[in-house]
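For ligands, and for the atoms within them, numbers begin at 1 and follow the listed sequence.
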Amino acid sequence: MAISKLTGAERADLIPSLPGWSEVEGGDAIRKSFRFDDFTRAFGFMAQVALLAEKADHHPEWSNVYNRVDIVLTTHDADGLSMRDIDLARQIEAL
Ligand code: HBI
């Protein structure tokens with residue numbers, strides 16, 4: 001299914017409502033850094049996000065260093081930011 005890239009106006013409207021998320025340079029992705037008390041909690045969070053991603057068929061670009069998880073969301077099929085990214089970010093915030 002073709003997924004369309006969000007316009008600048010849509011991004012300006014949607015991203016501020018995502019706590020702690022910011023636009024990556026160029027506006028084609030959003031990112032957030034998470035910090036946990038320890039590695040176990042960071043990995044548990046990643047496991048929860050992995051299940052959301054698989055259910056959504058929409059997967060993060062992410063890295064983990066000990067208690068830190070850095071997530072970037074973009075839509076390869078749209079070559080930029082789409083509603084799939086916004087929806088996944090909302091689901092992550094609801095964990
Ligand atoms: N994840 N972030 C991201 N972007 C995509 O375009 C994407 C994905 N996960 C799976 C997926 N696309 C599939 O729809 C395609 O690989 C077929």
Looking at atom 16 (O) of ligand 1, is any protein heavy atom nearer than 4.0 Å to it? no

Is it true that a side-chain atom of Asp28 and a backbone atom of Gly80 form a donor plus acceptor pair closer than 3.5 Å? no

How far is atom 6 (O) of ligand 1 from its nearest protein heavy atom, and which residue and atom is that? Asp77 N, 2.9 Å

Using a 3.5 Å distance criterion without hydrogens, assess whether the side chain of Lys5 forms a donor-acceptor pair with backbone atoms of Thr75. no

For the pair Asn64 (side chain) and Tyr66 (backbone), establish whether a donor and an acceptor sit closer than 3.5 Å, ignoring hydrogens and angles. yes

Starting from atom 1 (N) of ligand 1, locate the nearest protein heavy atom and write down its residue, its atom name and how far away it is, to 0.1 Å. His59 N, 3.0 Å

Is it the side chain, the backbone, both or neither of Asp85 that has a heavy atom closer than 4.0 Å to ligand 1? neither

Taking CZ in Phe43 as the centre, count heavy atoms belonging to other residues, nucleotides or ligands within less than 6.0 Å. Is the count above 12? no

To which of His76, Glu61, Arg84 does the heavy atom nearest atom 5 (C) of ligand 1 belong? His76

Under 4.0 Å between a side-chain nitrogen and a carboxylate oxygen: does that hold for Asp57 and Arg84? no

Considering only heavy atoms of Thr75, which atoms of ligand 1 have at least one such atom less than 4.0 Å away? 4 (N), 6 (O)

Does the Asp38 side chain pair with the main chain of Ala42, one donor and one acceptor, at a distance under 3.5 Å? no

Could you find the nearest protein heavy atom to atom 14 (O) of ligand 1 and give me its residue, atom name and distance? Asp57 OD2, 3.2 Å

